[in-house]
Amino acid sequence: MTQLVEPIGSRERTVQTVRLRGWGSKYAIWITLAVLVVAAEIVSKGVFLDGQNVLNILAQNSVAGTLAVGQTLVILTAGIDLSLGSITALASMVVLLMQAHGSLTARLAGIGVALACGLVNGLLVTKGRVPPFVATLGMMQVALGLAYVVSNGYPIYEDKHATLLFGLDKVGPVPLIIGVWAIVAVIAWVITRRTSYGAYVYATGGNERAARVSGIRTDRAKLFVYVFAGFCAGVAAIIWINRLGYSAPNIGASLTLGSIAPVFVGGTSPFGGVGGVANTIGGVLIMGILINVMVLVGINVNIQQAVEGVIILAVVYMFIRQQRAR
Amino acid sequence: MTTNVARFPREALGSTSGMRDWRRLAVEYNAWILIVLLAAVGTAVTPIFFTVSNLTNILEQSSIIGVLALGQFLVILTGGIDLSVGSMMALTAMVGAMAMPTGSPIAVVAAVAVGGVLGMISGLVVVRGKIPAFIATFGMMAIARGLALTAHGGGAVNISMTSRFAQIGKGTFPIAIWAVAVLIVYVFLRRMRTGAYIYAVGGNVEATRVSGVNSGGVIVLVYAISGVCAAVTGLIFVARSGVALPTYGNGYELQTIAAVIVGGANIMGGEGKLSGAVIGVIFMTMLSNILDLVGANPFWSFCVIGAVLWLAVMLRSSLDRARLDRG
């Protein structure tokens, strides 16, 4: 994987164009989202902005959205986490196997396992010097294997539905899982944008060597993002069970890929250092709305994945062109 | 030609300490060491393991993912990655099965053409669009899966199991196909100039381009080959099961990558042996075969493969650092 060195001549642009371009790319995601919402409202003949429909979109994307938040932090350090789906599957199996001990114990156990998996990923990347792609590919296998072993390959169902919080699954019409997703996103946003740890995460992804030379402990930043991603996987497992009432060891493959797509669609750079949690939330919403509209207007659901693929390629292409222009 | 063209000249590896020597050998032959150890364990724990029928069985199971892994191997040699092989396999299986009523030669050509052209598009997106291989093929993965699902309304396509085409999935025929494919790749890598360029491109794209090699062309070619490998695998799958499903190959992309890395290829490109890409696949099948034979939960094989991946790569990176320390 090569990175091209920018020619020096490209610096000759005026400051103003750069600023304008910067503004455009900063808000491009929200402009796209706004346009999409208006378009969706028009083509669906007013069904789209119905409260229930909006809540549905948010609830449907809460698992992928939570995972995508964790994935964002990892990608910001120029890494990738291919194990998030498998960790979610393993954590959900642990929660369901422990359900007889009470939902709090079970959930803590699930999050604990997920954190442990994240920690192993982080240690492999930082101490073992294993490239993130391979480290997390290995964890994908290990977590998948464990999920199959503990469940013997069968789905597990909830014996008795465990509500999310204090006997509630919804406040009024709003499913609480949306709130859980929002809390995880806010935590991640605050960490990345308001703490020095977050600055280290961006610096590590922007230029690792420079960051290290200027005294930033890049290894700590990297260890942190994998542990945090593991935490997100644990939370996603709880949301999954709360939403569907069961889980299976093989749910992981599509979840991993589902966590990566919105990060890129949101405009976070695959090379690290650019983008962020807010972008990813925008990315999740764009993908969610597109799928929702396709369903509302009756486009063949089977073609959806192909459309997703084209969108990802188009967004990343635009992003990379813009980077080079700067 | 040695396998590490351009990266580290063989002389530079000349070692002063026995420890480093041991590590170098371990990295160089890790696939062979692993498979011999595993076969020894298998023979020790169960008498059924070392029988002709069981070993044939292992090869048969390996042959299907084996062809897929060959394409992945070539892509990884150039420093890329192909995440689309699994869904490409599903799409080409659907195309092949749907074209089957017009005659099996046309079906085979159609499937291979679809695989080759889509692979070429992935390659062009990487080279012309300057999009990282991971994302380019990630997009292609979604596109091919979407097309596979759309091809027949999300449903399965059956073929007649008595047709001549269905024979290629029977018995040891898939092993023969795999063997021929390995031979072709061998000749390509060792006897043709383009093959040597593949290692060179993986070693350093810029340097290779500057020295006059059409590195973009080489990259497009390997993705096209990977697409063709996916098509061959898809066709074998259809012939074997008599049905094409749009869900075929889910997760195979990561399995093939794991097999190639277990086989000793460097994920950064430029290094890796063809024999490793073959052994890596056999290792994975043999592992679950042994677990199965001794009555252990075969799912442990995933965990072992994950751990082997980590160990292989840690060993390699510790070796690379030892080289850098001295150089």
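Residue numbers start from 1 in every chain, and the chains themselves are labelled A, B, ... in the order their sequence lines are given, proteins ahead of strands.
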Item checked: Residue B:Ala144 versus chain A: region with a heavy atom under 4.5 Å -> neither
Check: What is the minimum heavy-atom distance between A:Ala135 and B:Trp310, and which atoms define it?
Finding: O-NE1, 2.7 Å
Next item on the list: For each of B:Gly139, B:Ala148, B:Ala258, B:Gly153, tally heavy-atom pairs with chain A at distances under 4.5 Å, and name the one with the top tally.
Entry: B:Gly139
Next item on the list: Count the heavy atoms of every other residue, nucleotide or ligand shown that sit under 6.0 Å from CZ of B:Arg128, and state whether that count exceeds 12.
Entry: no
Notebook entry, point to check: Is there a side-chain contact (heavy atoms from CB on, under 4.5 Å) between B:Phe302 and A:Leu146 once you walk through the steps?
Noted result: CA-CA 8 Å; B:Phe302 286 111; A:Leu146 290 175; over 6 Å; no
Note to self: Between A:Leu137 and chain B, with a heavy-atom cut-off of 4.5 Å, which part of the residue counts as in contact: side chain, backbone, both or neither?
What the structure shows: both
Next item on the list: Can you tell which part of A:Ala143 gets under 4.5 Å to a heavy atom of chain B, answering side chain, backbone, both or neither?
Entry: neither
Checklist line | 4.5 Å side-chain heavy-atom contact, A:Leu257 and B:Met141 | finding: yes
Notebook entry, point to check: For A:Gln141 and B:Leu254, which heavy atoms make the closest approach, and how far apart are they?
Noted result: NE2-O, 4.4 Å
Notebook entry, point to check: Between A:Val120 and chain B, which part of the residue has a heavy atom less than 4.5 Å away: side chain, backbone, both or neither?
Noted result: side chain
Next item on the list: Please lay out, stage by stage, how A:Ile303 and B:Leu149 fare under the test side-chain contact (heavy atoms from CB on, under 4.5 Å).
Entry: CA-CA 7 Å; A:Ile303 199 78; B:Leu149 283 163; over 6 Å; no
Check: Between B:Ile135 and A:Leu313, what is the shortest heavy-atom contact and its length?
Finding: O-CD2, 3.7 Å
Next item on the list: Over all heavy atoms of both residues, which pair between B:Pro132 and A:Phe271 is shortest? Give the atoms and the distance, please.
Entry: CG-CZ, 3.7 Å
Next item on the list: Measure distances from B:Ile131 to the heavy atoms of chain A and classify the residue's part below 4.5 Å as side chain, backbone, both or neither.
Entry: both
Check: What heavy-atom pair brings A:Val142 and B:Cys303 nearest, and what distance separates the two atoms?
Finding: O-SG, 3.4 Å
Check: Taking C-beta and beyond as the side chain, do A:Gln305 and B:Ile143 meet within less than 4.5 Å on heavy atoms?
Finding: no
Notebook entry, point to check: So, for A:Gly128 and B:Met314, which heavy atoms are closest and what is the spacing to 0.1 Å?
Noted result: O-CG, 3.5 Å
Check: For A:Met139, is it the side chain, the backbone, both or neither that has a heavy atom under 4.5 Å from a heavy atom of chain B?
Finding: both
Notebook entry, point to check: Relative to chain B, which segment of A:Asn152 carries a heavy atom at a distance below 4.5 Å: side chain, backbone, both, or neither?
Noted result: both
Note to self: Are B:Phe134 and A:Ile260 packed together at the side-chain level, in the sense that at least one heavy-atom pair is separated by less than 4.5 angstrom?
What the structure shows: yes
Check: Given the rule in the side-chain contact (heavy atoms from CB on, under 4.5 Å) test, do B:Ile81 and A:Phe133 qualify, once you have shown the distances and angles that lead to the verdict?
Finding: CA-CA 11 Å; B:Ile81 198 89; A:Phe133 188 92; 3.7 Å; yes
Check: Heavy-atom distance under 4.5 Å to chain B: side chain of A:Phe264, backbone, both or neither?
Finding: side chain
